[in-house]
**Q** 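To start, I am sharing the structure in question, which I have written as structure tokens.
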Amino acid sequence: MLGAARRQLGSGPMLGQVLRRLRPAAAAAEVARGYSAAAKEMTVRDALNSALDEEMSADPSVFLMGEEVGEYQGAYKISKGLLDKYGPDRVLDTPITEAGFTGIGVGAAYQGLRPVIEFMTFNFSMQAIDHIINSAAKSNYMSAGQISVPIVFRGPNGAAAGVGAQHSQCYAAWFAHVPGLKVLTPYSSEDARGLLKAAIRDPDPVIFLENELLYGESFPVSAEVLDSSFCLPIGKAKIERGGKDVTITAFSKMVGYALQAAEILSKEGISAEVINLRSIRPLDKAAINASVRKTNRLVTVEEGFPQHGIGAEICMSVVEESFEYLDAPVERIAGADVPMPYAANLERMAVPQVDDIVRAAKRACYRAVPMAAAA
């Protein structure tokens, strides 16, 4: 059903109109992103495509495998043009069998190749969870370092629009729980290019969690980002917007929401610092704690379920390392603790919105006042 919908809508104006109605305006998210010397704009889709192209060109051991990645050029057109350029030996269409082609990919990585495995949605990665966790993540440790597994598992993660509970889950916390995996969550085109290149070059298995609703978004990119040698470090967050009153951490699509919230808060005299986590495992705890020690307040934002989530891990890190700097309790914004509803009005209520972040930041700031006065 999902594949049929993609084929009907494609990547043309109809899909664009649908997505624009289903997501907040992106204009506010352009504020204070901190990009230097931006020469042009690039969509996240094109950023991923160019990163794949350049890494395949630079290293003949890199190949792409998944459903519809070749003849159809990707369910989301991420692999557009790659089959024509590199041929069917390096861009492999597979049957609908995630367990099968994921296992083949892990075996190829054992032998020194660098597979990029595309899941049409990360919800389908559950079919291949044994290969990802037991075969890929643990082999380096269990072989005493003799076996490297340089493989990337990539595809859209989290809520899309109107696709129901089985196609809308965020798996960041699931995979971040596993030693041996690295988990990356790009937001902008700069993130997409730099982090995908880093993932492909890395000697360990990497979970690369994209967001369907960001594929068509355009972001400014500098000449440095467009250079074929550009690569971002894994495990380093980015301060998208500086601030002094409250820290807001977010990843993937929620970074845009956090930036919109920060702009609204600024009009009310609250200076919010927005941290784009970029990497969930390893997590840049040093950057988070440094920011909290400056602002004395923290709001965590994520699409996933609240229990045992990324926000809970961040909160614990701050409690362990910077508790005495907090002037207010940590505020956690997450998805509702229910399977994703199908109805559009209920779906909107189940995922964090900009207003939720604004209210949480205000609570953190205003609750701090009596505490400070009492001190």
Side-chain angles (χ1 to χ4, degrees), residues 1-6 64-69 74-76 78-79 92-110 115-139 149 151-186 196 199 204-215 251-253 280-281 302-310 312-313 334-342 347 350-351:
M1 183 181 295
L2 182 62
R6 299 290 171 226
L64 176 66
M65 182 164 54
E67 297 157 3
E68 299 186 345
V69 299
Y76 304 95
I78 304 301
S79 53
L92 288 81
D93 278 322
T94 69
I96 303 175
T97 170
E98 283 78 12
F101 65 76
T102 302
I104 292 171
V106 173
Y110 283 172
V116 178
I117 304 300
E118 177 176 309
F119 296 120
M120 195 178 290
T121 161
F122 254 93
N123 298 273
F124 300 158
S125 73
M126 294 296 96
Q127 301 292 327
I129 196 73
D130 182 58
H131 291 305
I132 297 171
I133 304 303
N134 285 325
S135 300
K138 299 177 182 178
S139 290
V149 192
I151 187 170
V152 177
F153 305 100
R154 55 156 294 272
N157 169 70
V163 292
Q166 293 174 327
H167 297 113
S168 300
Q169 191 162 322
C170 175
Y171 287 92
W174 284 57
F175 290 115
H177 185 67
V178 181
L181 292 178
K182 295 175 182 175
V183 182
L184 305 181
T185 54
L196 184 54
D204 298 313
V206 178
I207 303 292
F208 198 84
L209 302 174
E210 302 155 12
N211 186 279
E212 178 184 341
L213 299 183
L214 287 176
Y215 285 146
F251 60 92
S252 190
K253 187 176 67 172
I280 301 299
R281 185 183 182 105
E302 63 188 305
E303 272 193 1
F305 301 131
Q307 188 162 324
H308 311 306
I310 305 303
E313 177 65 22
D337 199 19
V338 296
M340 180 66 70
Y342 178 76
E347 182 183 64
V351 295

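Because the structure is a prediction, the values reported are computed rather than measured. In this chain, residues are counted from 1 in sequence order.
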**Q** Compare all side-chain heavy atoms of P156 with those of N211 and state whether any distance is below 4.5 angstrom.
**A** no
**Q** Can you tell me how far the CD atom of E302 sits from the CD1 atom of I280, to the nearest 0.5 Å?
**A** 8.5 Å
**Q** Only pairs at least two apart or in different chains count here, so list each salt bridge (charged side-chain N to carboxylate O under 4.0 Å, His left out) that has a residue in residues 116-134.
**A** E118-R154
**Q** Applying side chain to side chain contact (heavy atoms under 4.5 Å, CB included), name anything that partners A99, two or more places apart in sequence or on another chain.
**A** none
**Q** Using every non-hydrogen atom in the two residues, find where M120 and A75 come nearest and quote the distance to one decimal.
**A** CG-CB, 3.9 Å
**Q** Would you give the length of the straight line joining atom CZ of F119 to atom CD1 of I117, rounded to the nearest 0.5 angstrom?
**A** 7.0 Å
**Q** Does any part of the side chain of L92, heavy atoms only, come nearer than 4.5 Å to the side chain of L64, both counted from C-beta?
**A** no
**Q** Taking all non-hydrogen atoms of both residues, which atom of F101 and which atom of M65 are closest, and how far apart?
**A** O-CE, 3.2 Å
**Q** If only atom types and distance count, is the side chain of S168 paired as donor or acceptor with the main-chain N or O of M340 below 3.5 Å?
**A** no
**Q** Working to the nearest 0.5 Å, report the span between CZ of F208 and CG of L196.
**A** 4.5 Å
**Q** Does E67 use its side chain to pair, donor to acceptor, with the backbone of T94 at less than 3.5 Å?
**A** no
**Q** Give the minimum heavy-atom separation between Y215 and G155, together with the two atoms involved.
**A** OH-C, 4.0 Å
**Q** Would a line drawn from the ring center of F122 to the ring center of Y171 be shorter than 6.0 Å?
**A** no
**Q** Can you find a pair of side-chain heavy atoms, one from V206 and one from F153, that are under 4.5 Å apart?
**A** no
**Q** Mind listing the closest non-hydrogen atom pair of G304 and C170 along with its distance?
**A** CA-CB, 3.8 Å
**Q** Can you measure from CD1 (I310) to OG (S252) and round to the nearest 0.5 angstrom?
**A** 11.5 Å
**Q** What pairs of donor and acceptor atoms, side-chain ones from residues 172-184 against any protein atom, are under 3.5 angstrom apart with sequence neighbours left out?
**A**
unit_1: K182; atom_1: NZ; unit_2: D202; atom_2: OD1; d: 2.9
unit_1: K182; atom_1: NZ; unit_2: D202; atom_2: OD2; d: 3.0
unit_1: K182; atom_1: NZ; unit_2: D204; atom_2: OD2; d: 3.4

**Q** Provide the closest heavy-atom pair for Y342 versus G162 in the form atom of the first, atom of the second, distance.
**A** CE1-O, 3.1 Å
**Q** Name all residues meeting the salt bridge (charged side-chain N to carboxylate O under 4.0 Å, His left out) criterion together with E313; count only those two or more places apart in sequence or in a different chain, and write none if there are none.
**A** K285
**Q** Given 3.5 Å as the limit, does a donor-acceptor pair link the side chain of S79 with the main chain of G74, or not?
**A** yes
**Q** Does the plane of the ring in F124 sit parallel, tilted or perpendicular to the ring in H167? Use 30° and 60° as the thresholds.
**A** perpendicular
**Q** Quick one: does I151's side chain get under 4.5 Å of V106's, heavy atoms only?
**A** yes
**Q** Rounded to the nearest 0.5 Å, what separation is found between the CD atom of E303 and the OG1 atom of T185?
**A** 11.0 Å
**Q** Please check this pair: side chain of N157 against backbone of E210, looking for a donor-acceptor N/O pair closer than 3.5 Å.
**A** no
**Q** Who passes side-chain hydrogen bond (donor to acceptor under 3.5 Å, both in side chains) against Q169, sequence neighbours left out?
**A** none
**Q** Going through the checks in order, is the side-chain contact (heavy atoms from CB on, under 4.5 Å) test met by K138 and I133?
**A** CA-CA 7 Å; K138 299 177 182 178; I133 304 303; 3.9 Å; yes
**Q** Going by side-chain hydrogen bond (donor to acceptor under 3.5 Å, both in side chains), name the residues that satisfy it together with S139, two or more places apart in sequence or in a different chain.
**A** Y110
**Q** Which atoms form the tightest heavy-atom contact between V351 and A159, and what is the distance?
**A** CG1-CB, 4.1 Å
**Q** Output the distance between atom CD1 (I96) and atom CD (E68), rounded to the nearest 0.5 Å.
**A** 7.5 Å
